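Only one structure is covered here, and it is reproduced in the block below.
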Amino acid sequence: MQVLKIDHLGIAVDSIDQGKNFWTDVLGLEFAGDETVDEQKVTTAFFPVGESEVELLESTAPDGPVAKFIEKKGQGFQHVAFRVPNIDEALAELKAKNIRLIDEQPRIGAGGARIAFLHPKATGGILVELCERS
Ligand code: ZN
C-alpha cells in the first residue's frame with residue numbers, strides 16, 4: 001500500500017471558537033476556514049501546517065461520532081489521516097488482508113475528499129483515516 005503523507009490530524013473539541021485560539025494565537029497557524037459535514041454530524045476547521053493540516057472537529061449533534069468520542073475520552077487527538085493516491089485500491093488491499101474497516105466503501109468528507117476509516121481494533125487503538133484528494 002502506498003501512503004503519500006499525513007494529510008491531517010483530527011482533534012476533537014467542544015467548541016471550535018474556543019479551541020482555535022491555541023492554534024492561531026499561540027502556534028501562529030492560519031485559520032483556513034470551516035465546513036459542516038452533515039452526514040458525519042461535525043463541523044471541521046482547518047489549520048494548514050506545511051503540507052499537512054490540523055483539523056478541529058466540533059460535533060453538531062449529541063449523538064454524532066465526535067460527541068461520543070468526547071463523552072468517552074474527553075477532548076483531544078481523535079484520528080490521523082493518511083493521503084493515498086487511490087482509496088479504492090487501498091481499501092481492496094486492506095480487505096484482502098482482513099483488516100477491519102469502519103467504512104467498506106469511501107464516502108465524501110470535508111473538502112470533497114474521498115475518505116474511509118479503519119477500525120481502531122485493527123490499528124493498535126488509533127483511529128486511522130485514508131484520504132484521497134483529486
Ligand atoms: Zn479527518
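As the structure is a prediction and not an experimental result, all values here were calculated from the model. As the structure lists them, so they are numbered: ligands from 1, and atoms in each ligand from 1. Each residue takes its place number in the sequence, starting with 1.
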Per residue His79, nearest N, O or S atom to the Zn ion (ligand 1) is named NE2
If I take every N, O or S atom of Asp7, is at least one of them less than 2.8 Å from the Zn ion (ligand 1)?
no
task: Answer yes or no: are there more than 12 heavy-atom neighbours, outside Lys95 itself, under 6.0 Å from its atom NZ?
output: yes
Lys/Arg N to Asp/Glu carboxylate O, Asp63 vs Lys68, below 4.0 Å: no
TODO: Say whether, by atom type as modelled, one donor and one acceptor occur between the side chain of Asp103 and the main chain of Pro106 under 3.5 angstrom.
DONE: no
request  = Decide, counting backbone as well as side-chain atoms, whether Cys131 has an N, O or S atom less than 2.8 Å from the Zn ion (ligand 1).
outcome  = no
Shortest non-hydrogen pair, Asp14 vs Glu58, comes out as O-CG, 3.5 Å
Atom name of the N, O or S atom of Glu129 nearest to the Zn ion (ligand 1) is OE1
